[in-house]
Amino acid sequence: MKNELKIFDSLSNKKTNFIPFDKQNIRIYACGPTVYDFAHIGNARMAVACDVLVRVLRSIYPKVTYVSNITDIDDKIIKKSLETGTPIKKITQKFHKIYNEDMEMIGVEHPNVQPKATNYIKEMINAITKLIDTNNAYCVDGHVLFHVPSYKYYGSLSKRSIEEQIAGNRIDVAPFKKSNADFVLWKPSKSDEPSWDSPWGKGRPGWHIECSVMSEKTLSLPFDIHCGGADLRFPHHDNEIAQSCCLIGKNMRPENFSRYWFHNGFVQVSGEKMSKSIGNIKLINTLLKNKSGQCIRLALLSSHYRQPLNWTDSVLEQAEKNLERLNRIAKETENVKITNEEKTSFCCEIKDALMDDLNTPNVFGILFKMTKQLSEKKKLDQKKIKSNLQFIKNNLGLSLEINSKKKFFIKTEEKKFIEDLIKERNNARIEKNFEKADKLRKKLEILGVEISDTKNDTSWKKTK
RNA sequence: GGUGCGGUGGCGGAGAGGCUACGCUGCGGCCUGCAAAGCCGUCUACACCGGUUCGAAUCCGGUCCGCACCUCCA
């Protein structure tokens, strides 16, 4: 069994062995959400992919510091505030809280540090000042712009030359830019927009600078892995590299900022891009009304994190079935005792799959093969499946405890009523009055109660 | 136009030169008073055209078709 993680690094575009900078403390930064609306399935995919990465690293190394930021100042938030007449702080506080709650529901462990952009304005101003002092940035009309040609390795992540970007530019270039590719570090605010005092007048930071500042302040440089959605690769991550490397010194290579880059693929909905204009955004909050967080999590892990994921109802339904099956086996093997040695030796195959760039679909393939062997009587040690289920629990964050069906609140008197009907039905069954028994089954069905006869008793659950 | 990723059975989804991946669904059976679950069995695959090889879904060349990014986006 290999205790070595291989990850696909988007900077070198290769699957490589992960070698930590400091193996006593692995440091990871992930670009988190802009909190102006409910978290959607795309936010969740990134959070779950990083969560698994962090869990796996924690199983190998003594300490992992995971930082994921919250963007709480941004044009989208300002727009929402103006549209709804709600103060910015109220919006960001609300959706920040909801984001954390939703992520917790789908089994995502809270990052060790979750910095907010507005808490780092002073540090951003200092960083921008330094970039101006070192001739990497310039100030025009209250704007401060990063001068892209001043960074030798610009575009190394997206593999795009500056000429290429300009050729394909679809937006009008602001006239005050020295180079078309230059981007904003600081911009002036209008009177109705939030602003902070700065050497360049009242204004607010551009989007990219916050991650450069927060990652350096919370982790120090270089850190090990920088994560984010595939769309952030360009321009956001390339801009971050440029800023951060220029802050370190002249001609610093991208590796001096983050040593590896981890990007998750996009979520599509029924084959289309998920977007506000199409109106097909799948919110975690909404999905949680019908399915458990564990089910959503399993659905997200059922395809490889780098592949595009086409979200459909059937993806969720399949996940639900698979989860029920794993839950059942977990219950069956509840009392099986395993030693630590057994745990390690039984999990080689599944661990190798996970260590191979987090190949979660392969992990499930191996696991399901085992469950089949288990039912083929004695072909598989119960200890083996138990070990593997525990492995899944720790590394994939699937608790395998919660019923995957949504739990409904049931009043005591309703419960008694249902149980009385079931008793009546079972009496009818004993008397072999099956006509009456079937009628009672129908009646319960109408009440939204699903019953299931087992050897000794009848179990039931509410389904609506 | 540029950059990158990909096309695997009804669907989802790994693999990556020779060994049934796996799951869901369908079909046939066992078991159940019925139902559900479970169990056993089972059908459709590697976009197309060439090449390399004893052997290619996997390697090489070409063709076609998708998708994403280049603009706020996870």
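Naming: A, B, ... by sequence-line order, numbering from 1 per chain. A quick note: this is a predicted structure, and the numbers were derived from the prediction, not measured.
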Non-hydrogen atoms of A/Ala437 and A/Arg429 that approach each other most closely: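 For A/Ala437 versus A/Arg429, the nearest heavy atoms are CB-CG, 3.8 Å.
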
Listed pairs under 3.5 Å, donor-acceptor, residues 29-37 of chain A side chains, sequence neighbours left out:
from, atom 1, to, atom 2, distance (Å)
A/Tyr29, OH, A/Asn69, OD1, 3.3
A/Asp37, OD2, A/Lys276, NZ, 2.9

Nucleotide N/O of nucleotides 29-34 of chain B paired with protein N/O under 3.5 Å:
from, atom 1, to, atom 2, distance (Å)
B/G33, O6, A/Arg425, NH2, 3.1
B/G33, O6, A/Arg429, NE, 3.4
B/G33, N1, A/Asp438, OD1, 3.1
B/G33, N2, A/Asp438, OD1, 2.8
B/G33, N2, A/Asp438, OD2, 2.6
B/C34, O2, A/Arg441, NE, 3.3
B/C34, N3, A/Arg441, NH2, 2.9
B/C34, N4, A/Asp453, OD2, 2.3

Using the test salt bridge (Lys or Arg N to Asp or Glu O under 4.0 Å), find all partners of A/Arg27 that sit at least two apart in sequence or belong to another chain.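 For A/Arg27 there are no salt bridge (Lys or Arg N to Asp or Glu O under 4.0 Å) partners, ignoring immediate neighbours.
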
Mind checking salt bridge (Lys or Arg N to Asp or Glu O under 4.0 Å) for A/Arg325 and listing every partner two or more places apart, or none if nothing turns up?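 Listed in chain order: nothing, the list is empty.
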
How would you label the contact of A/Gly229 with the nucleic acid (heavy atoms, under 4.0 Å): base, sugar-phosphate, or nothing? sugar-phosphate

Using a heavy-atom cut-off of under 4.0 Å over every strand shown, decide if A/Lys432 touches base, sugar-phosphate, or nothing. nothing

Suppose you measure atom C1' in B/G10 against the same atom in B/U25; what distance do you get, rounded to whole Å? 7 Å

The criterion is side-chain contact (heavy atoms from CB on, under 4.5 Å); which residues satisfy it with A/Ser195, sequence neighbours excluded? A/Ser189, A/Lys202

Non-neighbouring partners of A/Gln390 that pass side-chain contact (heavy atoms from CB on, under 4.5 Å), sequence neighbours left out: A/Ile338, A/Lys343, A/Lys386

Residue pairs passing the salt bridge (Lys or Arg N to Asp or Glu O under 4.0 Å) test where at least one lies in [range], sequence neighbours excluded:
range: residues 65-74 of chain A; value: A/Asp74-A/Lys76
range: residues 417-427 of chain A; value: A/Lys416-A/Asp420, A/Glu424-A/Lys436, A/Arg425-A/Asp453
range: residues 355-370 of chain A; value: A/Lys15-A/Asp356, A/Arg306-A/Asp357

Nearest to the A/Lys273 side chain among B/A74, B/C22, B/C69, which nucleotide is it? B/C69

Is the shortest side-chain N to carboxylate O distance from A/Asp75 to A/Lys187 below 4.0 Å? yes

Mind listing the N/O atom pairs, protein and nucleotides 10-14 of chain B, below 3.5 Å?
from, atom 1, to, atom 2, distance (Å)
B/A14, OP1, A/His304, N, 2.8
B/A14, O3', A/Asn359, ND2, 2.9

Can you list, by residue number, the residues of residues 85-100 of chain A that have a non-hydrogen atom closer than 4.0 angstrom to RNA chain B? none

According to a 3.5 Å limit on both distances, what stems of 3 or more consecutive Watson-Crick or G-U pairs are formed with RNA chain B? B:1-7 with B:64-70, B:10-12 with B:22-24, B:26-30 with B:38-42, B:47-51 with B:59-63

Please lay out, stage by stage, how A/Phe346 and A/Phe391 fare under the test ring-ring contact (aromatic ring centres under 6.0 Å, His included). CA-CA 10 Å; A/Phe346 280 140; A/Phe391 182 86; over 10 Å; no

Should the heavy atoms of other residues, nucleotides or ligands under 6.0 Å from NZ of A/Lys282 be counted, would the total exceed 12? no

Describe, in one word, how the ring planes of A/Tyr260 and A/Phe18 are oriented to each other, choosing from parallel (under 30°), tilted (30 to 60°) and perpendicular (over 60°).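 If you compare the ring of A/Tyr260 with that of A/Phe18, the planes turn out tilted.
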
